[in-house]
Amino acid sequence: MINRLKDMWLRRKWNHWEGKYSRALTKANGDDFDYACGLRSGTVIRFTAATFDGEFVHLSGIVDTSCGMRFTFDRGIDVRLRDIEWVADAPKGS
């Protein structure tokens with residue numbers, strides 16, 4: 001029953017954001033898992049959850065970044081949506 005309610009809730013959210021954001025990024029907003037996104041700068045960020053906030057998305061559960069920074073981003077990172085080139089669901093496989 002709980003899984004069914006969660007699926008209905010996610011489907012409603014996906015319908016609301018359909019066409020605005022990629023399917024994988026929309027899924028990350030409610031289904032914590034393993035995701036990756038690539039920015040225009042070439043930076044790749046692996047994360048576990050996303051929350052939309054206007055022109056930005058807050059990525060949390062940062063697993064890894066390719067930007068060479070030595071930060072752990074324990075509280076996540078805000079990324080401008082227009083700077084995201086691609087998003088992958090389960091980039092290392094499920």
Side-chain angles (χ1 to χ4, degrees):
M1 179 68 171
I2 291 176
N3 284 339
R4 183 181 166 151
L5 290 174
K6 183 178 178 184
D7 288 345
M8 289 171 48
W9 177 76
L10 285 172
R11 210 171 290 123
R12 205 169 58 233
K13 287 175 79 170
W14 291 339
N15 288 339
H16 174 73
W17 290 316
E18 187 176 20
K20 287 185 180 181
Y21 311 115
S22 75
R23 185 178 185 115
L25 191 57
T26 301
K27 183 175 177 271
N29 184 266
D31 186 16
D32 293 3
F33 195 60
D34 182 24
Y35 303 93
C37 70
L39 307 182
R40 289 181 188 194
S41 66
T43 299
V44 175
I45 302 172
R46 286 189 53 216
F47 61 98
T48 61
T51 306
F52 298 112
D53 186 17
E55 295 180 25
F56 289 83
V57 61
H58 181 79
L59 305 178
S60 55
I62 305 298
V63 177
D64 190 21
T65 67
S66 69
C67 61
M69 287 193 252
R70 296 182 183 159
F71 303 115
T72 58
F73 300 107
D74 291 335
R75 295 186 182 182
I77 186 171
D78 295 330
V79 176
R80 188 167 309 180
L81 285 162
R82 69 174 180 236
D83 291 329
I84 297 175
E85 293 281 327
W86 57 266
V87 181
D89 181 4
K92 299 260 184 180
S94 59

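Source: prediction; values computed, not measured.
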- Query: Could you give the distance from CG (Asp31) to OG1 (Thr26), rounded to the nearest 0.5 Å?
  - Reply: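 It comes to 12.0 Å.
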- Message: Quick check for you: to the nearest 0.5 Å, what is the distance between Asn29 atom CG and Asp32 atom CG?
- Response: 9.5 Å
- Compare every heavy atom of Ala28 with every heavy atom of Phe47, then report the nearest pair and how far apart it is.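 Reported closest heavy-atom pair: CE1-CB, 3.8 Å.
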- Nearest heavy atoms of Ala88 and Ala24, plus distance in Å: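 Looking at all heavy atoms of both residues, the closest pair is C-CB, 4.2 Å.
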Are the side chains of [Y] and [X] in contact, using a 4.5 Å heavy-atom criterion?
{"X": "Val57", "Y": "Asp78", "answer": "no"}
{"X": "Asp34", "Y": "Thr48", "answer": "no"}
{"X": "Val79", "Y": "Cys37", "answer": "no"}
{"X": "Leu59", "Y": "Phe73", "answer": "no"}
{"X": "Phe52", "Y": "Leu25", "answer": "yes"}

- Item | Joint hydrophobic cluster, Tyr21 plus Phe56, side-chain heavy atoms closer than 4.5 Å | no
- Message: For residues Val87 and Val63: do they belong to one hydrophobic cluster (side chain heavy atoms under 4.5 Å, members Ile, Leu, Val, Met, Phe, Trp, Tyr)?
- Response: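 They do not share one cluster, since no chain of ILVMFWY contacts under 4.5 Å joins Val87 to Val63.
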- Query: Given a cutoff of under 4.5 Å between side-chain heavy atoms of I, L, V, M, F, W and Y, with clusters grown through shared members, what are the other residues clustered with Trp86?
  - Reply: Val44
- Message: Checking salt bridge (Lys or Arg N to Asp or Glu O under 4.0 Å) between Asp89 and each of Arg23, Lys27, Arg46, which is the one that passes?
- Response: Lys27
- Item | CZ (Arg75) with more than 12 external heavy atoms under 6.0 Å | no
- Can Ile84 and Leu39 be said to form a side-chain contact (heavy atoms from CB on, under 4.5 Å), step by step? CA-CA 4 Å; Ile84 297 175; Leu39 307 182; 3.9 Å; yes
- Query: Do the side chain of Arg82 and the main chain of Glu55 share a donor and acceptor less than 3.5 angstrom apart?
  - Reply: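 Checked: no pair found.
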